[in-house]
Participant: 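What follows is a single structure, and I will ask about it in a moment.
We count ligands from 1, going down the list as the structure has it; atoms in each ligand are counted the same way.
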Amino acid sequence: MAKIICPICKESRHIDLMDSGQFNLYFCNNCKNGFVHPFPKDISEYYPKIYWQNLGRFSFLRQCIHNSFQKLRAGWFRRYMSRGDILDVGSGEGVFGQILGQAFNVTNLEYPGAKVENKDVIKVNFLNWKTNEKFDAIVFLESLEHVTNPAQYLKKAASLLKKGGFIFVEYPRFGSLESKILGKHWLQRDIPRHLFHFTEEGLKNIANRVNLKIVTQTEIMSFQYSPYCLLASIGQMLGISTLNLRLGFIKNIPKLLFLLIGAPLVFILEIIFYFIEESPLGLIVLKKK
Ligand SMILES: [Zn+2]
């Protein structure tokens, strides 16, 4: 078998296999990051057409929850700045920028194969993107774990910052308690769409490698997102699928019971996780050194 090399630190020793499948998950004990190997040849095959859309029976509810999550993001973002030029890398339909409001001038980027409908979103490979613009802030909202070279992405982002500008990275915490307990059932593993799996220390290591200074590194409490992911992960671990109204009431009883008991439980668990600093969602704010 060919030697597995960590794509971040190029180390080949100290690498543990965490999970095997069509795409293996490895963890590098040198730089403390997880990575998928091999990378999919064509990543767009793994993004369904509806990846950015909320369709189906509960679409309205899902849209509301999604927007509310973006408001939460805008809330922590505004603690750092109240206006400015923002670049959202991996913006999806650009909802975060819309919610930020008119004081911000937001440029949205997505990768060339992204199935987004918003015409204002520029579809381009960020590393090849040529621009003379500079930004007050560049955000990667759960997008950095999707790219093939996160260190290069951060380096490029640093080169596009105005003086005193910030880089924000929101990411699933691979080292969090629920990730460790749920293992391959943890929804945020999302292999092979998540090519990298960052720990606190791992992301710090990457920032250091590209000469970025850490302003803050913290966890995020999200009632709109984390409890749902935890419930879905536990459901997957127990082999309980989502509600299927076509099956009729009787067959849905075990699923309904799971939802009735599980939903309040995961909310309580997420509050506990937050207070013991084990929330599954992390945020790191970076600046040029
Ligand atoms: Zn490494």
Participant: Taking the Zn ion (ligand 1) as the centre, how many protein N/O/S atoms fall inside a distance shorter than 2.8 Å?
Facilitator: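 Number of qualifying protein atoms: 4.
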Participant: Restricting to pairs with a member in residues 268-289, which pass ring pair (Phe, Tyr, Trp, His ring centres under 6.0 Å), not counting sequence neighbours?
Facilitator: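 Found none.
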Participant: Would you call Lys180 and Glu278 a salt bridge, taking side-chain N to carboxylate O under 4.0 Å as the test?
Facilitator: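 Judged by the 4.0 Å cut-off on N to carboxylate O distance, Lys180 and Glu278 do not form a salt bridge.
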Participant: Could you note down all residue pairs passing ring pair (Phe, Tyr, Trp, His ring centres under 6.0 Å) where residues 207-232 supplies at least one of them, sequence neighbours left out?
Facilitator: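 Ring pair (Phe, Tyr, Trp, His ring centres under 6.0 Å) check on residues 207-232 returns Phe69-Tyr225, Phe223-Phe267.
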Participant: Hey, could you give me each pair passing side-chain hydrogen bond (donor to acceptor under 3.5 Å, both in side chains) that has a residue in residues 259-273? Not counting sequence neighbours.
Facilitator: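 side-chain hydrogen bond (donor to acceptor under 3.5 Å, both in side chains) check on residues 259-273 returns no pairs.
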Participant: Should we count NZ of Lys255 as having more than 12 external heavy atoms under 6.0 Å?
Facilitator: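 Result for NZ/Lys255: enclosed.
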Participant: What residue among Tyr46, Phe39, Phe35 forms ring pair (Phe, Tyr, Trp, His ring centres under 6.0 Å) with Phe23?
Facilitator: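 Looking at Tyr46, Phe39, Phe35, the match for Phe23 under the ring pair (Phe, Tyr, Trp, His ring centres under 6.0 Å) is Tyr46.
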